[in-house]
Amino acid sequence: MNTGIFLGGTLFEQILSAGLHLRLVKERLSPGQGQTQLSVKQLSGINHTTIFNGHPKPDRCTTTSKSCKLVQPGVDSGVRATVCRAERRTDLGCRDNAAITKEDAETSLWNSVIAPVLNELESVAAGSSEGSVDRLCDLCDHLHGTLADADTLNRQCKRRSWILRTLFRLIDLNYAQLNLRIAKLCLTLCVRGNNLLNICKLIFKISRTDDNDILFENNSIIDSLLGLLNNEDVGVSGEALLYCVGTLKFLSGNITFLRLMLDKNCIGVAQKLIQKLCTVEDTHFTIAGHILVQLTATLRNVADHPDSRPHFVSFSILPALCLVLRHHSEDQDICLNVSRIYSKLSSYSESCLSLAQTHDCYPLFIELLRKHHQKQELVVRLLFTLGNLTAKGGEPRQLLFQCDGCMETLLQLYKSYQRKDPAPYTPIQRGTPFSTEPANPLISAREVDDVLVKLVTVLANISIHPAVGSTLTTNTTCIKLLMETLELRSVQESEELLVKVAATITNLSFYQVEGSEIRSNQLAIATLLLKLMLSSSMDAMLEATRVYGNLSHCKNVQDFIMQNKVHRFVVTLLDSKSAEMCFSACGVLTNLALDPPNRVCLALEEASVKLVDCLRDFGPGDWQLAGHVCRAMWNLTGGGSEKLLDTQQRETLLEMLSAFVDEEEALKWTENEHLRDFHRACWELEFLPVAQKLMMVLQSPDLTA
């Protein structure tokens with residue numbers, strides 16, 4: 001008969017009884033002198049710092065606060081006597097010889113091995129000589145091995161209470177390496193209730209010190225912790241699980257442990273725990289939330305390891321985390337941790353696809369953006385994830401756009417974070433349609449720009465979808481906000497943002513639909529883009545050129561370009577040695593050359609010479625660009641009506657075109673077999689028809705200077 005063991009009243013229980021809630025620490029702090037060693041008196045003495053709506057949160061290493069002592073099992077002589085009487089109480093008439101033999105073997109093991117080890121533990125502990133901690137650790141390891149060999153590491157272990165009582169006494173020696181062995185042994189002896197809670201607290205306190213990480217490397221206690229998470233019920237052992245996950249959160253900050261945790265299937269364990277935590281009864285909802293804060297923080301660390309990504313996909317963690325967000329959408333800590341996981345993993349194709357196929361995530365993200373619009377670090381990560389999802393294909397773009405309140409939420413965010421002066425400011429003002437919550441503390445201009453860059457990226461991506469783009473281009477609020485950003489920001493301060501805005505306008509200007517706000521404001525947009533065109537940023541110039549390419553089919557924009565000498569910059573871009581830049585410049589030149597007076601101006605800038613060079617440099621490897629060059633040349637010659645090429649230019653161009661229209665000669669430039677069919681299609685559809693027309697014109701004797 002075993003006596004129950006109770007590690008008595010803890011500060012944690014006192015906090016709960018006072019109506020407060022525990023939320024574990026987020027960061028490790030360096031321990032002060034004398035704090036590395038942890039005692040049983042410190043075990044329950046966690047210092048609590050108020051955070052997050054009054055949730056107490058212990059620091060990594062704190063000074064010892066007053067705590068209740070562990071109740072040593074069997075200290076009371078009456079308890080000891082009861083144990084002894086129970087052990088002596090026998091009824092030989094009811095027992096067979098096998099049972100007697102087994103008990104004799106256990107008694108022999110106890111007398112010959114276990115009891116001497118326990119006695120030596122107490123003796124060495126009392127002596128406190130130098131090197132005693134190493135001897136105590138060896139004895140604990142020996143005891144653990146002996147019990148394991150005898151298959152007695154369970155609750156049926158004879159004299160279990162005696163073993164635990166001896167181990168508990170050793171905790172007061174305050175040796176972290178010893179206490180970790182004691183904790184491991186106690187867990188394998190299947191302690192329950194408050195004993196389990198306090199052992200988990202002990203492990204947690206040890207893990208709070210970075211220097212103790214090496215102790216966990218040489219100890220299989222991680223297996224025990226993962227086993228607890230797998231098997232313990234949240235309603236029964238919720239607080240113990242909280243400290244257990246908190247320990248893993250600390251350890252996961254060590255790259256060595258990330259590999260170890262992956263090898264021990266920590267992600268599979270996390271997936272099962274998430275299922276349990278999302279199905280708890282309402283009475284356990286709060287403790288489930290606290291555990292999820294630590295669990296999602298752990299997964300956030302694990303997601304940094306490249307080998308973790310397949311596990312996140314195979315165990316369906318990303319859809320499971322959507323369920324967590326749905327149940328705990330009010331908890332900003334959980335939402336922020338999950339958003340960090342998503343922002344990290346959505347940058348990789350396989351995990352991004354897994355999340356993109358979770359269709360519930362789109363309305364969920366919109367709901368969270370609306371609910372937590374003032375929490376910049378959460379907003380920016382959700383928008384970054386949406387940007388990654390909508391970069392991958394048409395379905396995510398349409399699914400997001402069709403979410404209830406999608407555009408209203410995105411544009412309200414845009415308005416809220418639109419910076420109208422260079423000073424830091426509070427983005428959300430009281431009385432806005434979002435909520436009546438108090439405004440956020442001031443955030444920096446860089447943080448504001450970070451939100452807008454991610455938000456505008458989402459707008460640019462979803463506008464690629466024809467149904468979305470044609471609708472969005474008629475949205476007055478959207479176009480006005482984009483134009484306002486171009487007006488308010490400088491390339492020097494907000495280069496990335498302005499490039500994203502120009503890219504969005506490029507996509508939207510593609511749609512020539514009735515009621516297009518781009519068309520209505522095209523001259524104003526062309527004017528605003530001048531700052532990008534005149535900047536030293538090649539990315540800004542490229543995006544501005546793309547917009548001019550889409551807008552310059554209109555006469556008023558053409559006139560603006562010519563009057564403001566923008567065409568000179570466009571011609572110069574042909575020398576950039578960039579295929580993208582040349583392609584965009586060709587688009588502008590093709591439109592400008594439709595007007596005869598413009599052809600003369602372009603000829604003076606030697607546009608035709610630079611186009612020939614561009615064709616020579618890029619033609620064989622990019623038949624789309626080659627076709628674009630030929631269209632620009634066709635318009636520059638007025639379809640053969642203008643004599644703007646000298647004899648040498650004409651012969652050089654004819655020689656190149658003659659080689660390029662030969663199929664065998666043209667396709668031999670394609671080294672990548674996988675792209676050969678694509679290049680053939682581009683050559684046949686984009687280049688060959690216009691090249692043949694241009695050759696016919698060039699062969700005319702009238703086309704000479």
Side-chain angles (χ1 to χ4, degrees), residues 7 28-46 58 60-64 67 70 72 117-148 153 163-189 191 195-196 198-228 243-244 246-257 260-261 264:
L7 280 70
R28 292 179 167 190
L29 304 175
S30 298
Q33 186 175 5
Q35 290 179 315
T36 301
Q37 308 302 336
L38 302 164
S39 72
V40 65
K41 295 178 181 179
Q42 292 173 312
L43 186 58
S44 302
I46 298 178
R60 171 75 190 240
C61 284
T62 59
T63 55
T64 305
S67 63
L70 296 168
Q72 302 292 346
V117 172
L118 296 177
N119 290 333
E120 187 173 359
L121 279 170
E122 293 182 340
S123 174
V124 173
S128 66
S129 60
E130 186 167 345
S132 60
V133 63
D134 293 331
R135 179 56 183 160
L136 290 171
C137 290
D138 291 341
L139 288 170
C140 283
D141 291 340
H142 179 54
L143 176 61
H144 196 153
T146 301
L147 294 174
L153 283 174
I163 296 172
L164 292 174
R165 182 174 63 251
T166 302
L167 294 175
F168 291 156
R169 287 172 180 167
L170 298 177
I171 294 176
D172 262 340
L173 296 176
N174 295 334
Y175 295 124
Q177 61 268 49
L178 175 61
N179 285 349
L180 203 58
R181 285 173 166 82
I182 293 171
K184 168 67 177 176
L185 192 46
C186 289
L187 291 179
T188 54
L189 287 169
V191 292
N195 289 335
L196 175 61
N198 282 282
I199 288 299
C200 289
K201 282 185 179 182
L202 176 63
I203 299 169
F204 171 78
K205 289 174 75 72
I206 296 172
S207 73
R208 287 163 60 188
T209 303
D210 290 321
D211 292 342
N212 289 336
D213 284 356
I214 192 172
L215 303 179
F216 288 87
E217 291 182 34
N218 303 320
N219 193 307
S220 61
I221 198 165
I222 291 181
D223 297 287
S224 300
L225 297 178
L226 292 174
L228 285 175
Y243 281 98
C244 180
T247 297
L248 294 178
K249 190 272 296 286
F250 280 140
L251 296 178
S252 65
N254 184 320
I255 188 64
T256 302
F257 276 99
L260 182 63
M261 291 169 67
K264 295 180 181 296

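As a basis for the values below, the full set of heavy atoms in this structure was taken, side chains included, without hydrogen atoms, waters or symmetry mates. Since this is a predicted model, take the numbers as computed values, not measurements.
Side-chain contact check for Ile221 versus Leu215: every heavy-atom pair is 4.5 Å or farther apart. Contact annotation: the side chain of Asn195 never approaches that of Cys186 to less than 4.5 Å [non-hydrogen atoms, C-beta and beyond]. Between Leu196 and Leu187 the shortest side-chain heavy-atom distance falls below 4.5 Å. With a 4.5 Å cut-off on side-chain heavy atoms, Phe250 and Thr247 do not count as touching. Between Ile203 and Ser224 there is no side-chain heavy-atom pair separated by less than 4.5 Å. Two residues are said to be in side-chain contact when any heavy atoms from C-beta on lie closer than 4.5 Å; Phe216 and Leu180 meet this criterion. The shortest distance between side-chain heavy atoms of Leu143 and Leu118 falls below 4.5 Å.
Between the CG atom in Leu248 and the CZ atom in Phe257 there is a gap of 10.0 Å [rounded to 0.5 Å]. Here the CZ-CG distance, from Arg169 to Leu164, works out to 12.0 Å after rounding to the nearest 0.5 Å. A distance of 11.0 Å separates CG of Asp134 from CG of Leu139, quoted to the nearest 0.5 Å. Within the model, atoms CD1 of Ile182 and CG of Leu185 stand 8.5 Å from one another, a figure rounded to the nearest 0.5 Å.
Considering only residues two or more places apart in sequence or on other chains, Asp223 meets the side chain to side chain donor-acceptor pair (under 3.5 Å) condition with Lys264. By the side chain to side chain donor-acceptor pair (under 3.5 Å) test, Glu217 is found to be paired with no residue, residues two or more places apart in sequence or in another chain being considered. In this view, Ile255 and Leu258, His305 satisfy the side chain to side chain contact (heavy atoms under 4.5 Å, CB included) rule, not counting sequence neighbours. Considering only residues two or more places apart in sequence or on other chains, Thr256 meets the side chain to side chain donor-acceptor pair (under 3.5 Å) condition with Asn254.
Closest heavy-atom contact between Ser207 and Asp213: O-OD1, 4.4 Å. Here the shortest heavy-atom pairing between Leu170 and Ala125 reads CD2-CB, 3.6 Å.
Between the side chain of Ser123 and the main chain of Glu120, no donor-acceptor pair closer than 3.5 Å is present.
Here salt bridge (charged side-chain N to carboxylate O under 4.0 Å, His left out) pairs that include residues 173-188, with residues two or more places apart or in two chains, are Asp141-Arg181.
The only option from Val133, Leu136, Val124 that meets the side chain to side chain contact (heavy atoms under 4.5 Å, CB included) definition with Leu173 turns out to be Leu136.
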Run the side-chain contact (heavy atoms from CB on, under 4.5 Å) test on Leu147 and Ile163 for me, step by step, so that the C-alpha distance in whole Å, both residues' side-chain angles and the decisive distance to 0.1 Å come before the verdict.
CA-CA 11 Å; Leu147 294 174; Ile163 296 172; 4.1 Å; yes
